[in-house]
K.L.:
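The structure under discussion is supplied below as structure tokens; questions concerning it will follow.
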Amino acid sequence: MQQAFALVDCNNFYVSCERVFDAKITSRPVVVLSNNDGCVVARSQEAKALGITMGVPLFKIRHLVEANDINVYSSNYALYGDMSQRVMGVLQSFTPDVEIYSIDEAFMLLGGCRYGTPRVVGELGREIRERVRHDTGVPVTIGIAETKTLAKLANHLAKTSKKAGGVIDLTGSPYKDVALRRTPVEEVWGVGPAYSKLLKQKGILSALQLRDVDVRWARQAMTVVGARVVMELRGVSCLPLESCPPSKKSLTCSRTFGRSTPSLSDLREAIAYYATRVAEKLRRGKLAAGVVTVFVHTDRHADGPQYFNAGTHTLAYPTDSTQEIMRCALDALERIFREGFNYRKAGVMLNSLSPADQLTLRMFGDERAERFRQVMVAVDQINRKWGRDTVRFATANPDGNWRTKVEKRSPRYTTRLQEVLTIN
């Protein structure tokens with residue numbers, strides 16, 4: 001079987017996750033809201049047909065929600081993250097060559113698939129689609145081609161074609177030129193708004209026209225990125241599969257509060273909680289941080305005095321310890337806090353990341369630091385087994401007055417034992 005890239009994209013992913021556990025909303029209009037139930041971040045096809053746009057605030061579509069009995073959900077990121085892992089697990093059962101591109105997208109290299117008898121690539125794509133739907137309940141669309149850019153283009157066409165059945169294979173297809181001609185140049189992966197404007201000024205309106213430009217001109221006008229896009233459209237693979245994503249340069253945990261607060265004690269609870277969350281991410285990535293930054297700000301859309309500030313603490317030695325990160329974060333908060341303001345958002349950011357297995361031995365107190373690192377390993381194991389915050393620092397109260405509004409969140413069916421779906 002020839003080597004080919006497949007882009008697997010979950011359809012309306014957040015909505016699809018909600019529908020897996022609630023069959024009543026399978027054919028009904030559904031929207032999922034952002035943090036604090038503010039704006040629409042996911043829509044079902046039925047909701048799109050009603051004219052609901054991405055990012056619209058909920059209060060602006062109240063009349064549509066009431067008139068059309070639209071099902072509205074708060075974001076349930078614990079559920080969505082776990083369902084994403086399940087989808088990626090199914091893809092990895094076909095081939096180890098999987099690049100997780102986002103929470104609902106992944107590239108696969110189909111040339112290395114373990115298969116008993118030779119089959120055409122398109123049939124394999126349909127089998128992958130059926131397996132994902134059977135094992136997770138999540139519908140996906142698959143685009144297959146010789147390069148990642150063409151696979152992305154094929155996926156876009158598969159979403160809009162009723163005849164495709166969710167899978168389009170452009171490898172060796174006689175209809176490839178037709179597909180490229182039907183794709184506007186702004187829809188090509190790697191062509192942003194600035195390049196799109198430039199290309200249209202030159203009369204290049206479709207992916208087919210972009211494919212046929214002189215590569216030297218593309219490099220001069222659009223740098224090496226443009227030349228790479230042109231070559232990818234010609235079927236020359238320039239973007240290899242990244243099965244091992246590059247190490248993160250920074251980590252952040254921030255939230256908008258459910259309501260504004262002037263209280264330092266509320267901010268301390270929030271910052272301690274965010275420090276706990278971001279330190280867990282740090283250890284999962286086997287990283288250590290050398291710089292801790294805390295930021296706070298008021299609601300820029302509200303009346304009253306406005307304030308924004310950030311404080312940074314540089315550590316003498318990189319660390320992955322929640323205790324040390326929390327202490328630095330709270331010290332930074334004390335420095336930037338000002339009385340007389342209603343704070344609406346805060347966050348903790350970690351920078352100067354390095355591999356945790358390369359931590360420098362400390363001249364003084366290293367034995368104590370190592371003991372506490374072992375304590376954090378034990379805490380992580382307990383929380384993974386029995387649920388988040390089973391063991392936590394008392395300062396990091398997840399149910400403080402600042403907590404994010406999630407009035408319409410569905411149960412976390414797959415990550416909370418007490419919220420598992422029950423059949424009566």
K.L.:
Please test K24 against N71 for side chain to side chain donor-acceptor pair (under 3.5 Å), starting from the C-alpha separation and ending with a verdict.
P.N.:
CA-CA 10 Å; K24 297 192 302 294; N71 294 86; over 6 Å; no

K.L.:
Can you tell me how far apart CG (N309) and CG (L333) are? Round to the nearest 0.5 Å.
P.N.:
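So the gap between those two atoms works out to 10.5 Å.
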
K.L.:
Less than 4.0 Å between a side-chain N and a carboxylate O, is that true for D82 and R86?
P.N.:
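Result for this pair is yes, salt bridge flagged.
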
K.L.:
Before you tell me yes or no, could you show the steps for E18 and Y80 under side chain to side chain donor-acceptor pair (under 3.5 Å), namely the whole-Å CA-CA distance, both residues' side-chain angles and the distance that decides it to 0.1 Å?
P.N.:
CA-CA 9 Å; E18 300 291 351; Y80 307 152; 2.7 Å; yes

K.L.:
Let me see the working for L91 and V8 under side-chain contact (heavy atoms from CB on, under 4.5 Å), right down to the final yes or no.
P.N.:
CA-CA 9 Å; L91 301 184; V8 182; 4.1 Å; yes

K.L.:
Do F107 and F5 make the cut of ring centroids closer than 6.0 angstrom?
P.N.:
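Not close enough - the centres of the two rings lie 6.0 Å or further apart.
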
K.L.:
Would the Y343 and F337 ring centres measure less than 6.0 Å apart?
P.N.:
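Yes.
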
K.L.:
Do the charged groups of R19 and E46 touch, with an N to O distance under 4.0 Å?
P.N.:
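Result for this pair is yes, salt bridge flagged.
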
K.L.:
Do V20 and T136 make a side-chain contact, defined as non-hydrogen atoms from C-beta onward lying under 4.5 Å apart?
P.N.:
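Heavy-atom side-chain distance check fails, nothing below 4.5 Å.
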
K.L.:
For L199, run the side-chain contact (heavy atoms from CB on, under 4.5 Å) check against V188, L210, V213 and tell me which one passes.
P.N.:
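Among V188, L210, V213, the one meeting side-chain contact (heavy atoms from CB on, under 4.5 Å) with L199 is L210.
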
K.L.:
Are side-chain N/O atoms of K249 and N351 paired as donor and acceptor at under 3.5 Å?
P.N.:
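Judged by distance alone, the side chains do not pair up.
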
K.L.:
Is it the case that over 12 heavy atoms from other parts of the model lie below 6.0 angstrom from the NZ atom of K286?
P.N.:
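Not buried by this count: 12 neighbours or fewer within 6.0 Å.
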
K.L.:
Is there a side chain to side chain donor-acceptor pair (under 3.5 Å) between N76 and S410 once you walk through the steps?
P.N.:
CA-CA 7 Å; N76 190 345; S410 57; 3.1 Å; yes

K.L.:
Using side chain to side chain donor-acceptor pair (under 3.5 Å), reason through S263 and S265 one step at a time and then give a plain yes or no.
P.N.:
CA-CA 5 Å; S263 168; S265 61; 2.7 Å; yes

K.L.:
Taking atom CZ of R126 and atom CD1 of I128, what is their separation to the nearest 0.5 Å?
P.N.:
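CD1 of I128 is found 11.0 Å from CZ of R126.
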
K.L.:
With a 6.0 Å cut-off (strictly less than), is the heavy-atom count around CG of L417, excluding the residue itself, greater than 12?
P.N.:
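Open.
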
K.L.:
Begin from the C-alpha positions of M326 and F393 and carry the test side-chain contact (heavy atoms from CB on, under 4.5 Å) through to its verdict.
P.N.:
CA-CA 10 Å; M326 186 185 299; F393 286 87; 3.8 Å; yes

K.L.:
Begin with the C-alpha distance, continue with both residues' side-chain angles, and end with the deciding distance and a verdict on salt bridge (charged side-chain N to carboxylate O under 4.0 Å, His left out) for K197 and E186.
P.N.:
CA-CA 9 Å; K197 183 178 179 181; E186 64 268 20; over 6 Å; no

K.L.:
Could you tell me whether the side chain of R344 and the main chain of F257 form a donor-acceptor pair under 3.5 Å?
P.N.:
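It does hold such a pair.
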
K.L.:
Closer than 4.0 angstrom, basic N to acidic O: yes or no for D177 and R211?
P.N.:
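Counted as a salt bridge, because a side-chain N and a carboxylate O are separated by less than 4.0 Å.
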
K.L.:
Carefully, step by step, assess E146 and K176 under the rule salt bridge (charged side-chain N to carboxylate O under 4.0 Å, His left out).
P.N.:
CA-CA 11 Å; E146 298 90 345; K176 186 180 297 183; 3.0 Å; yes

K.L.:
Less than 3.5 Å apart, any donor N or O on the side chain of N155 or T141 sitting next to an acceptor on the other?
P.N.:
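No.
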
K.L.:
Examine the side chains of T319 and E324 and answer whether a donor and an acceptor come within less than 3.5 Å of each other.
P.N.:
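Checked: T319/E324 side chains pair up, N/O donor to acceptor below 3.5 Å.
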
K.L.:
Can you tell me if E232 uses its side chain to pair, donor with acceptor, with the backbone of T149 under 3.5 Å?
P.N.:
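Yes, because the side chain of E232 sits within donor-acceptor range (under 3.5 Å) of the backbone of T149.
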
K.L.:
Less than 4.0 Å between a side-chain N and a carboxylate O, is that true for R28 and D69?
P.N.:
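The answer is yes: the pair qualifies as a salt bridge.
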
K.L.:
Is K152 paired with E105 through a side-chain N to carboxylate O contact shorter than 4.0 Å?
P.N.:
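Salt bridge flag = yes for K152 with E105.
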
K.L.:
Would you call V185 and L205 a side-chain contact if the rule is heavy atoms closer than 4.5 Å?
P.N.:
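In short, these two side chains do not touch, never coming nearer than 4.5 Å.
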
K.L.:
Return yes if a side-chain donor-acceptor contact under 3.5 Å exists between D266 and T261, otherwise no.
P.N.:
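Indeed, the side chains of D266 and T261 share at least one donor-acceptor pair under 3.5 Å.
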
K.L.:
Hey, is OH on Y175 packed in by over 12 heavy atoms from elsewhere, all under 6.0 Å?
P.N.:
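Counting other residues, nucleotides and ligands, OH of Y175 stays at 12 neighbours or fewer.
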
K.L.:
Between atom CZ of R259 and atom CG of N36, what is the distance when rounded to the nearest 0.5 Å?
P.N.:
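It is 12.0 Å, given to the nearest 0.5 Å.
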
K.L.:
Would you say the side-chain atoms of R129 pair up with the backbone N or O of G165, donor to acceptor, closer than 3.5 Å?
P.N.:
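Side chain of R129 to backbone of G165: a pair is present.
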
K.L.:
Quick check on side chain to side chain donor-acceptor pair (under 3.5 Å): which of R283, E280, R277, R327 does T322 satisfy it with?
P.N.:
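Looking at R283, E280, R277, R327, the match for T322 under the side chain to side chain donor-acceptor pair (under 3.5 Å) is R283.
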
K.L.:
Around atom NE2 of H63, are there more than 12 heavy atoms from other residues, nucleotides or ligands closer than 6.0 Å?
P.N.:
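More than 12 within 6.0 Å, yes.
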
K.L.:
Any side-chain heavy atom of L330 sitting closer than 4.5 Å to one from V294?
P.N.:
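They are not in contact (no side-chain heavy atoms under 4.5 Å apart), so the answer is no.
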
K.L.:
Taking atom NZ of K202 as the centre, does the number of heavy atoms from other residues, nucleotides or ligands within less than 6.0 Å exceed 12?
P.N.:
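Not more than 12 within 6.0 Å, no.
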
K.L.:
Do K405 and N35 have side-chain atoms, one donor and one acceptor, less than 3.5 Å apart?
P.N.:
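Judged by distance alone, the side chains do not pair up.
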
K.L.:
Should K345 and D299 be marked as a salt bridge (charged side-chain N to carboxylate O under 4.0 Å, His left out) after you check the CA-CA gap, both sets of side-chain angles, and the distance that decides it?
P.N.:
CA-CA 8 Å; K345 188 173 183 178; D299 186 349; over 6 Å; no

K.L.:
Would you say the rings of W189 and Y101 are close, in the sense that their centroids are separated by under 6.0 Å?
P.N.:
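That pair passes the under 6.0 Å test.
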
